[in-house]
S.K.: 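If you scroll down you'll find the structure; I have some questions about it.
Each chain gets a letter, A, B and so on, in the order its sequence line appears, and its residues count up from 1.
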2 protein chains.
Amino acid sequence: MAIERRPLRDQIREELLKRLDRGDFAAGTDVNEAALAAELGVSRTPLREALITLAGERILESNQGRGFRFAPVSRQEFREVCSILAALESLALESSDPAHLKRIAPDLLQLAHGFPDPVAEQQIIDRHDDEWHDLLLSGCTNERLLDLVTGVKAGMRRYAHLAVADDAPLRRDADEHAAIARHLLDGDLPAAVVALKTNWANGAERMLARIPEE
Amino acid sequence: MAIERRPLRDQIREELLKRLDRGDFAAGTDVNEAALAAELGVSRTPLREALITLAGERILESNQGRGFRFAPVSRQEFREVCSILAALESLALESSDPAHLKRIAPDLLQLAHGFPDPVAEQQIIDRHDDEWHDLLLSGCTNERLLDLVTGVKAGMRRYAHLAVADDAPLRRDADEHAAIARHLLDGDLPAAVVALKTNWANGAERMLARIPEE
DNA sequence: GCTATGAATTCTGTATACAAAATACTTCAG
DNA sequence: CTGAAGTATTTTGTATACAGAATTCATAGC
């Protein structure tokens, strides 16, 4: 048994994010601290600390006297966050070592079309996409930027479970990823950045198309 | 007496940020929770909640068993954060209503050279700069983006008090702000964005030049 | 039957308590 | 005098306690 040498608040935060991925929490619903703490087998103190962290990531909202609730979702917010991530990843790409980008380009190309199991669970598929973007940013030395990207992406987890499965958008994403990789292979960083921004814009709309109204 | 209808953690956070501006906390030093809580006249519980929020903003670091400490500063991190803010403000500008930008351009121009008292305290001067940038972004409808900018800027407060007073850089900043405003007046948004990025890059170096080594 | 009022309950926000980890201090061997 | 070992102290991380705000439920008046 690996004894956890990490604050409970961090472990709780991770567990809550995992449950968020599974769609356990509906957007807009209140958090009952006592009930959730009991369910997790911890006291309210570290739970509240985790909730405050999640509120800082805009996954939760807090209202005086009314506690925490899961932040409502909206197509507008999703687009907003995607445009932020497009800008941040573009900056990360622009401030990466061109030689390193050229070196990882083949891996990016291969990973783009190396689908996971086509009938895999949504979580697996999303992780595959994350993996690709992580590799893309692996040469960025701006620690604060990578940190920020991670934080902003965490908030996107509220949307993952809302989407219905669909293969076509995944293939388009793979194509766009491959295009970015090829630009990097050519050493054409500006083109890669443009393609990345396009990918985020298209990816946002494809994702939204997979989310039913209301 | 205005009775505060806001969680203590928020009030504590603000008080700590104010003290940070005053340079009360040296980077890298530990936070003694009990002592600080006593000084603020609150218990450790809301204090810790504020500390956790500040850790989320990268103003503090936390280590298991060792509590919180003020995050170390470095020229590299300062440049990293400035480049992030350049990208985020550029995005905000690009996603603003051009008509609104043209409308506020005269105000931006006037505010650029309307110095505060030349011998004013550093805090006043910094606030003047913030005011200009806030006005610049006032037409941005991307709420999440504005939120993110605010959060990232909060972390920059760790650097404000390290700089020695100097008029020349302020004048250059004013010139660059005026240049941005004129581009907006011309309706040339791309040029304004380029000028804004230049302003952030130059501004970062000017600020660093005002910070003594070690 | 519906609204308003008030009591009862639930829940949050803050304070306090306590155990374990980390740090500081003391003592002793070499 | 230096370093190690063991003890005392401090400090954190988590649990519990408690007061007050928010909500719910019941009752009374129209």
S.K.: Around B:Arg210, counting heavy atoms of other residues, nucleotides and ligands shown, do more than 12 lie under 6.0 Å from its CZ?
M.R.: yes
S.K.: Do other residues, nucleotides or ligands put more than 12 heavy atoms under 6.0 Å from B:Gln76 CD?
M.R.: no
S.K.: Which residues pass the side chain to side chain donor-acceptor pair (under 3.5 Å) test with B:Asn63, not counting sequence neighbours?
M.R.: none
S.K.: Of all the heavy-atom pairs spanning B:Trp132 and B:Ile180, show the shortest one and how long it is.
M.R.: CH2-CD1, 3.9 Å
S.K.: Taking any atom closer than 4.0 angstrom to a non-hydrogen atom of chain B, what span of DNA chain C does the protein reach, first nucleotide to last?
M.R.: C:dT14 to C:dT23
S.K.: Among B:Arg66, B:Arg69, B:Arg44, which one satisfies salt bridge (charged side-chain N to carboxylate O under 4.0 Å, His left out) with B:Glu33?
M.R.: B:Arg44
S.K.: Determine, for B:Arg172 against B:Glu205, whether the closest basic-nitrogen to carboxylate-oxygen distance falls under 4.0 angstrom.
M.R.: no
S.K.: State whether A:Arg158 and A:Glu57 are salt-bridged, where the test is any N-O pair (Lys NZ or Arg NE/NH1/NH2 against Asp/Glu carboxylate O) under 4.0 Å.
M.R.: no
S.K.: Can you check each nucleotide of nucleotides 6-14 of chain D against protein heavy atoms at under 4.0 Å and return B for base, S for sugar-phosphate only, - for none, in 5' to 3' order?
M.R.: -----SBBB
